[in-house]
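Here the structure is laid out as structure tokens; the discussion comes afterwards.
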Amino acid sequence: MSVLRRAKTWEISESEEETDAETKPDLNRDESSQIAAKVRTDLNASSPEHTCQTSSSTKSESSQTCALPPPRPDGSGTPSPARRRRTKEEIEADREKARQRKEERERQRAARAREKEEKRRGQQRRREAAEKLKSLRPENCLKCLTVCIDPALLQQDGSDILLATLATFEWRFSIENQQLPHSITWTRDLPQQGEDGMGSLEEEQVVLVLGLTDFMDMVISVKKMLDSEGEETGVGSFLCPLLECLNRDAKKAVTLLVTDSQPDYRTNACGVQSKLGMENLDTEEVLVYLQLCKNISLVFLDGWQEVTNHVCAVTKALSKRPFKLLTEQAELPFCVDGSWASGVRVERDGSGLFQVWSKQIQQLNRVSPAVASTVTAAYPSPQLLLQAYQSLGSEEERKGLLAGLIVKSGGKERRIGPEMSTRVYRCFTAQNPQLVLD
């Protein structure tokens, strides 16, 4: 690179001072252009590589400049400002919110799970209740009953009728020794308690089948026991185990079936006194003792066919018993809740008492709903009516208190009248429970 030489000083004459101010800008431009041209010449001559690099860099810059997209008019293309770092408090707050959202999701999930489980349990309870109700029906209870027959009864003539009949009905029966000889009992299966060792329940009904001779011996034993003031020593062979069984379980209901009896004995229980040599009063005393004191019923039957019919009747009655007990679980089964029974429900807030007051008045004879509405409109409660009676001085005024009330029915008006007013007064003030209101 050559060194720029300082230009020589111009010699300006006095004549040129006037035009110096005008020509000075042009001279300065010419001088500047000459100096710049000389500098470019020296640069090109001294450094060709630099020139190439400069031109190439210029071209690259121009290409980069051309490659950049123009800025958008809405300003969206402008670079975003630097992201601000969050503080520790903000981070903790975000974590707390995330934790709360997670806990809320867990609570909702647990609530849905509990609701689903409760719904499943409700369905299971309803299913079990339906199955239990179905199992309590008589036709299904018959399948759970077993008729237990003492082997001693099979030694009597005609006992095969009972076994054949049970087999025909496809009822379950078993032949096993009983606590009472010559007896028939019933057991009921309880599948829900089978795991606890209580798979069967023995029914309270017991049927004791005796011949006429055995029954006579029992009557004589009972008479001797009564004469000895209740001592049970020396009693007959059938009476002793019978009394022991009743002493162990007082709820047992024993029925004596006397078979092979003659017609006169079968139709008249006291007819055995001629054979026993006892008075009628003594025989009746024995029968009363058996029925009232020991809860033992006495039935005279003619042969094993009637015994079979009696056993079948008891079996059917036992099959219907669970369903009847289920329908009679209410304390007052005769008070059925329903509109047809003219019942009125009273809520906790007292709503319904006014209707009960109106129904109470309608229980009197010839008191229509219109008359009851008139009385309840004048005296909204029984206490107000009693206070009105107490405020009057004479008995006649109390009897005629309601006589002047107007009853509107079917577009017509009439008075309650003294007769009905007197009956209402007697109903609420009488002290005699046997008093006839009409």
Side-chain angles (χ1 to χ4, degrees), residues 116-150 153 161-180 183-209 245-246 248-257 291 295-297 299 301 306-343 345:
K116 185 177 180 180
E117 181 66 17
E118 185 65 24
K119 183 178 180 180
R120 187 189 65 81
R121 292 180 180 179
Q123 292 177 353
Q124 182 67 18
R125 287 193 297 268
R126 289 192 295 270
R127 190 181 301 109
E128 292 177 355
E131 292 177 356
K132 181 180 179 180
L133 181 62
K134 184 178 179 181
S135 64
L136 293 180
R137 295 186 177 278
E139 59 273 12
N140 295 325
C141 281
L142 277 174
K143 302 176 182 179
C144 301
L145 287 175
T146 302
V147 183
C148 304
I149 305 173
D150 189 78
L153 292 177
I161 299 176
L162 175 61
L163 300 181
T165 304
L166 296 178
T168 303
F169 290 154
E170 297 182 355
W171 292 351
R172 294 190 306 179
F173 64 91
S174 64
I175 302 174
E176 55 187 10
N177 294 326
Q178 303 296 318
Q179 295 180 357
L180 290 177
S183 65
I184 300 175
T185 60
W186 287 264
T187 58
R188 185 188 306 275
D189 293 341
L190 300 176
Q192 65 274 15
Q193 299 181 2
E195 298 179 357
D196 299 334
M198 298 177 61
S200 61
L201 174 66
E202 186 176 355
E203 296 290 344
E204 300 173 357
Q205 297 293 329
V206 178
V207 172
L208 184 59
V209 183
C245 179
L246 294 177
R248 287 192 302 267
D249 189 357
K251 295 182 180 180
K252 290 291 185 180
V254 181
T255 302
L256 287 179
L257 301 183
Q291 295 179 3
N295 195 22
I296 299 175
S297 301
V299 180
L301 299 177
E306 294 187 2
V307 173
T308 301
N309 296 338
H310 183 87
V311 172
C312 293
V314 174
T315 305
K316 292 181 180 179
L318 292 176
S319 66
K320 299 177 182 179
R321 184 179 182 183
F323 191 78
K324 290 184 178 180
L325 292 177
L326 181 65
T327 57
E328 296 177 358
Q329 287 182 352
E331 295 181 359
L332 299 176
F334 53 86
C335 295
V336 182
D337 186 12
S339 58
W340 63 271
S342 300
R345 183 182 297 275

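Numbering starts at 1 and runs along the sequence shown. Note that these values count all heavy atoms, side chains included, but never hydrogens, waters or copies made by symmetry.
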Result of checking Val207, Val254, Thr255, Leu256 against Ser297 for side-chain contact (heavy atoms from CB on, under 4.5 Å):
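Among Val207, Val254, Thr255, Leu256, the one that satisfies the side-chain contact (heavy atoms from CB on, under 4.5 Å) with Ser297 is Thr255.
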Passing candidate, side-chain contact (heavy atoms from CB on, under 4.5 Å) with Phe173, options Ile184, Thr315, Leu166:
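Testing Phe173 for a side-chain contact (heavy atoms from CB on, under 4.5 Å) against Ile184, Thr315, Leu166 leaves exactly one candidate, Leu166.
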Give the minimum heavy-atom separation between Leu145 and Ser319, together with the two atoms involved.
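Smallest interatomic distance, heavy atoms only, reads CD1-N, 3.8 Å.
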So, Gln178 and Ser183: side-chain donor and acceptor under 3.5 Å apart, yes or no?
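There is no such pair (donor and acceptor under 3.5 Å, judged by atom type) between the side chains of Gln178 and Ser183.
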If we only count heavy atoms from C-beta on, is the Ile296 to Leu246 side-chain gap below 4.5 Å?
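Yes, their side chains come closer than 4.5 Å.
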For a 4.5 angstrom cut-off between non-hydrogen side-chain atoms, does Gln123 reach Arg126?
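Yes; the side chains approach each other to less than 4.5 Å.
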Going by side-chain hydrogen bond (donor to acceptor under 3.5 Å, both in side chains), name the residues that satisfy it together with Glu202, two or more places apart in sequence or in a different chain.
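Scan of Glu202 (side-chain hydrogen bond (donor to acceptor under 3.5 Å, both in side chains), adjacent residues dropped) gives Lys252.
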Could you list the residues that satisfy side-chain hydrogen bond (donor to acceptor under 3.5 Å, both in side chains) with Glu203, not counting sequence neighbours?
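Expected list: Arg188.
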Just to verify, what does Arg125 make a salt bridge (charged side-chain N to carboxylate O under 4.0 Å, His left out) with, not counting sequence neighbours?
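By the salt bridge (charged side-chain N to carboxylate O under 4.0 Å, His left out) rule, Arg125 matches Glu118.
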With Glu117 via salt bridge (charged side-chain N to carboxylate O under 4.0 Å, His left out) - residues at least two apart:
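Once residues adjacent in sequence are excluded, the partners of Glu117 under the salt bridge (charged side-chain N to carboxylate O under 4.0 Å, His left out) criterion are Arg120, Arg121.
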Nearest 0.5 angstrom please: Ile175 CD1 to Leu153 CG, how far?
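One gets 10.0 Å once the value is rounded to the nearest 0.5 Å.
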Say you draw a straight line from CG of Leu257 to CG of Leu208; how long is it, rounded to the nearest 0.5 Å?
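If we round to the nearest 0.5 Å, Leu257:CG and Leu208:CG are 8.0 Å apart.
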Qualifying salt bridge (Lys or Arg N to Asp or Glu O under 4.0 Å) pairs, either residue in residues 162-177, two or more places apart
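Qualifying pairs, neighbours excluded: Arg172-Asp189.
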Residues forming a ring-ring contact (aromatic ring centres under 6.0 Å, His included) with Trp186, sequence neighbours excluded
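Trp186: no ring-ring contact (aromatic ring centres under 6.0 Å, His included) contacts found.
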